[in-house]
2 protein chains.
Amino acid sequence: MKIDKSLVRSIPLFDRMSDADLDKFLGHAISRRVPVGEAVFEQGAAATHFFLLLHGRLKVTQVTEDGQQIIVRVVHPGDLFGFAKALQRSDYPGTALAVAESIALCWPTELWPQFVDRNPRLAVTAMQTIGQRLEEAHTRIREMSTQEVERRVAHAVLRLANQAGRKEGSGVRIDFPISRQDIAEMTGTTLHTVSRILSAWEAKGLVEGGRQKLIVLDINGLAALADHVKE
Amino acid sequence: MKIDKSLVRSIPLFDRMSDADLDKFLGHAISRRVPVGEAVFEQGAAATHFFLLLHGRLKVTQVTEDGQQIIVRVVHPGDLFGFAKALQRSDYPGTALAVAESIALCWPTELWPQFVDRNPRLAVTAMQTIGQRLEEAHTRIREMSTQEVERRVAHAVLRLANQAGRKEGSGVRIDFPISRQDIAEMTGTTLHTVSRILSAWEAKGLVEGGRQKLIVLDINGLAALADHVKE
DNA sequence: GCCAATGTTTGCGCTGTGTCAAAGATGACA
DNA sequence: TGTCATCTTTGACACAGCGCAAACATTGGC
């Protein structure tokens with residue numbers, strides 16, 4: 001399958017790589033189509049590959065011992081994921097599930113050290129990427145520690161609109177099927193509470209909901225909810 | 001000031017470095033004594049140095065816009081911290097405060113790329129360290145999403161006993177001054193709730209409390225509380 | 001040895017959210 | 001076009017945990 005080289009180039013991890021090295025890198029890649037509902041890898045499985053999402057959308061989930069599920073993050077096109085082995089883990093800590101028809105590039109994890117050796121800047125940039133992810137995680141912890149549910153949901157929806165928004169009519173539509181349950185698992189609450197909150201927002205004209213659908217009509221209004229201390 | 005080289009060697013980040021390089025590395029270091037209550041760096045300040053804790057104990061905190069504080073993590077001897085610049089940040093995301101008399105090695109951040117160039121394995125190992133930190137962050141998110149306060153506190157206390165425990169009498173004492181407020185800020189609750197929980201535990205003989213003091217008397221009992229689904 | 005500062009405990013009332021339950025909506029598929 | 005599975009909405013209720021407030025304990029300084 002033909003690989004979109006300019007897309008790969010646009011990723012921080014690869015933007016400084018020489019053309020020759022990039023070709024070599026892509027030469028080892030396998031392109032894989034992932035239909036909706038299929039997992040790229042599953043929690044606990046041996047980490048045999050690392051991946052780059054070219055197209056589509058994934059959600060990375062974890063299941064706790066007592067069966068509760070949370071969404072760790074959403075993978076967008078251009079994101080590297082399934083890093084586990086590079087981080088000294090032998091298995092994947094979560095499951096990566098396609099929520100939209102997706103295409104991912106796959107490399108055997110053994111190649112990671114080789115590529116790093118050949119291209120030291122790679123490791124630096126990769127570390128920066130992980131650093132950002134760490135920061136996001138801390139942001140989430142801070143939110144969960146200090147904010148009540150409605151503000152957390154507002155932040156989560158704004159983030160989604162930012163990362164996966166597509167203009168539609170007068171608003172911005174989240175560009176993949178997303179349920180209240182999903183939003184609940186991203187914010188640490190229940191689908192019932194999310195449903196109530198979204199209903200209230202819809203009554204205020206902030207969003208438009210629907211089955212697995214969410215359109216933000218008033219970004220500023222939502223941002224006010226997210227930032228403002230309640231009065 | 002004399003630097004304890006064997007302590008430095010014991011840190012994953014440095015264990016594979018050649019002796020010559022290590023000497024060079026340490027040659028550029030400044031050793032700094034940090035009395036209790038003093039900050040090594042403050043949130044928002046320019047990230048001029050990165051650090052290695054040789055002795056003592058720090059807590060890394062963040063303050064939200066609306067003035068609430070959370071404890072991001074506790075820094076133990078041997079931990080690298082104040083990484084910001086290596087992760088492509090120009091300022092420190094939090095404040096590192098000494099909760100015990102501490103000694104830290106300091107390097108100017110400019111040296112980081114040099115050391116990485118000279119020693120590519122360094123970047124790989126550093127990434128593994130960050131990876132672990134990311135995992136811890138996700139663990140915390142998972143706990144905050146799915147567990148009620150008492151279990152979260154139990155987990156936090158067990159973690160502290162593990163990382164900073166010193167045998168004392170029949171129990172394990174957390175080896176630095178820690179307040180209920182601190183524990184609250186680590187688990188996303190209030191000091192009042194923490195106080196109530198600890199009182200209850202003390203009545204059950206699980207722990208022994210005190211002013212800025214905490215001794216775990218029954219690790220297994222606590223672990224049961226942390227793991228077991230309440231019955 | 002007393003005082004001030006700081007940390008801890010405890011009671012009480014309130015409310016945000018989870019839990020349980022049941023009734024719509026929506027879309028896929030036959 | 002009807003059926004079924006899935007998702008969403010809404011109500012009723014309970015309670016964990018927060019906010020507020022006041023008393024109590026410990027420590028260090030003078």
Side-chain angles (χ1 to χ4, degrees), chain A residues 35-37 59 66-71 97 99-101 143-154 156-157 174 176-204 207-215 225 229-230, chain B residues 35-37 59 66-71 97 99-101 143-154 156-157 174 176-204 207-215 225 229-230:
Chain A
V36 174
K59 61 178 179 185
D66 49 313
Q68 295 193 79
Q69 184 172 269
I70 69 159
I71 294 186
L97 202 75
V99 292
E101 174 85 12
E143 287 179 2
M144 300 211 0
S145 295
T146 62
Q147 302 175 2
E148 68 274 23
V149 176
E150 184 172 17
R151 284 183 72 189
R152 300 208 301 266
V153 175
V157 169
I174 309 299
F176 60 93
I178 185 169
S179 69
R180 322 285 137 156
Q181 177 75 35
D182 289 331
I183 297 177
E185 289 173 8
M186 295 193 296
T187 53
T189 179
T190 63
L191 82 161
H192 304 275
T193 300
V194 171
S195 179
R196 276 182 250 271
I197 288 173
L198 290 187
S199 294
W201 288 355
E202 193 154 9
K204 287 199 263 179
V207 303
E208 184 192 326
R211 185 193 179 88
Q212 307 234 78
K213 187 184 79 165
L214 186 56
I215 303 177
L225 257 184
V229 177
K230 186 160 70 192
Chain B
V36 174
K59 62 178 178 186
D66 49 314
Q68 295 193 79
Q69 187 172 267
I70 69 159
I71 294 185
L97 202 74
V99 293
E101 175 85 12
E143 287 180 2
M144 300 210 5
S145 295
T146 62
Q147 301 175 5
E148 69 271 25
V149 175
E150 184 171 18
R151 285 183 71 189
R152 299 208 301 263
V153 175
V157 170
I174 309 300
F176 61 93
I178 185 169
S179 68
R180 321 287 135 154
Q181 176 75 36
D182 289 332
I183 299 178
E185 289 173 7
M186 294 194 299
T187 52
T189 177
T190 63
L191 81 161
H192 306 275
T193 301
V194 171
S195 178
R196 277 181 249 270
I197 288 173
L198 290 187
S199 295
W201 287 356
E202 193 154 10
K204 286 198 263 179
V207 302
E208 185 192 327
R211 185 194 179 86
Q212 308 234 80
K213 189 184 78 165
L214 187 54
I215 302 176
L225 256 183
V229 177
K230 186 158 73 190

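This structure is a prediction, so every number in the text was calculated from the model and none was measured. Every chain is numbered from 1 and lettered A, B, ... according to where its sequence line falls, protein lines coming before strand lines.
Taking a 4.0 Å limit (strictly below) on heavy-atom distances, residues 197-204 of chain B reaches DNA chain C at B/S199.
Protein atom CE of B/M144 is 13 Å distant from nucleotide atom P of C/dT17, rounded to whole Å. Protein atom CD of B/Q212 is 8 Å distant from nucleotide atom C1' of C/dT6, rounded to whole Å. For A/K213 and C/dT26, the NZ to P distance is 10 Å, given to the nearest whole Å. In this structure, B/L214 atom CG and C/dT8 atom P are separated by 10 Å, rounded to whole Å. In this structure, the CD atom of A/Q147 is 19 Å from the P atom of D/dG17, given to the nearest Å. Between the CD atom of A/Q181 and the P atom of D/dT8 there is a distance of 9 Å, given to the nearest Å. With rounding to whole Å, A/I183 atom CD1 is found 16 Å from C/dT17 atom P.
Taking both residues in full, the closest heavy atoms of A/A156 and A/T187 are given as CB-CG2, 3.6 Å, listed atom of the first, atom of the second, then distance. Counting all heavy atoms, side chain and backbone alike, B/L214 lies closest to B/I183 at CD2-CD1, 4.0 Å. Heavy atoms only, all atoms of each residue included: A/R152 and A/Q147 are closest at NH1-O, 3.0 Å. Shown here for A/G37 and A/L97, the closest heavy-atom pair between the two residues is O-CD1, 3.6 Å.
Residue B/S195 is in base contact, counting any heavy-atom pair closer than 4.0 Å across all strands shown. Here B/G210 lies in heavy-atom contact (under 4.0 Å) with sugar-phosphate atoms only.
Residues B/I70 and A/T146 meet the side-chain proximity criterion, which asks for heavy atoms closer than 4.5 Å. Under the 4.5 Å side-chain criterion, counting only non-hydrogen atoms from C-beta, B/I71 is in contact with B/D182.
Between the axis at the start and the axis at the end of the helix from C/dG1-D/dC30 to C/dA30-D/dT1 there is an angle of 40°, using five pairs per end and rounding to 10 degrees.
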Inset, instruction - Determine, for nucleotides 19-29 of chain D in 5'-to-3' order, which nucleotides have protein heavy atoms under 4.0 Å from the base (write B), from only the sugar-phosphate (write S), or from neither (write -). - result: BBB---BBS--
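When each of D/dC7, C/dT17, D/dG17 is scored by its nearest atom to the side-chain atoms of B/E148, the top-ranked nucleotide is D/dG17.
Listed pair B/T189 / D/dC18 meets the phosphate criterion, a side-chain N or O lying under 4.0 Å from OP1 or OP2. Contact between the side-chain N/O atoms of A/T193 and the OP1/OP2 oxygens of C/dT17 is not found at any separation under 4.0 Å.
With sequence neighbours excluded, no residue forms a side-chain hydrogen bond (donor to acceptor under 3.5 Å, both in side chains) with B/Q212. Applying the salt bridge (Lys or Arg N to Asp or Glu O under 4.0 Å) criterion to B/K213, with sequence neighbours excluded, gives B/E208. Evaluation of the side-chain contact (heavy atoms from CB on, under 4.5 Å) rule for B/Q181 yields B/S179, B/E185, B/L191 as partners, not counting sequence neighbours. Applying the side-chain contact (heavy atoms from CB on, under 4.5 Å) rule to B/I197 yields the partners B/V149, B/E150, B/V153, B/T193, B/W201; only residues at least two apart in sequence or on another chain are considered. Evaluation of the salt bridge (Lys or Arg N to Asp or Glu O under 4.0 Å) rule for B/E202 yields no partner, not counting sequence neighbours.
Rounded to the nearest 0.5 angstrom, B/R196 CZ and B/T189 OG1 are separated by 9.5 Å.
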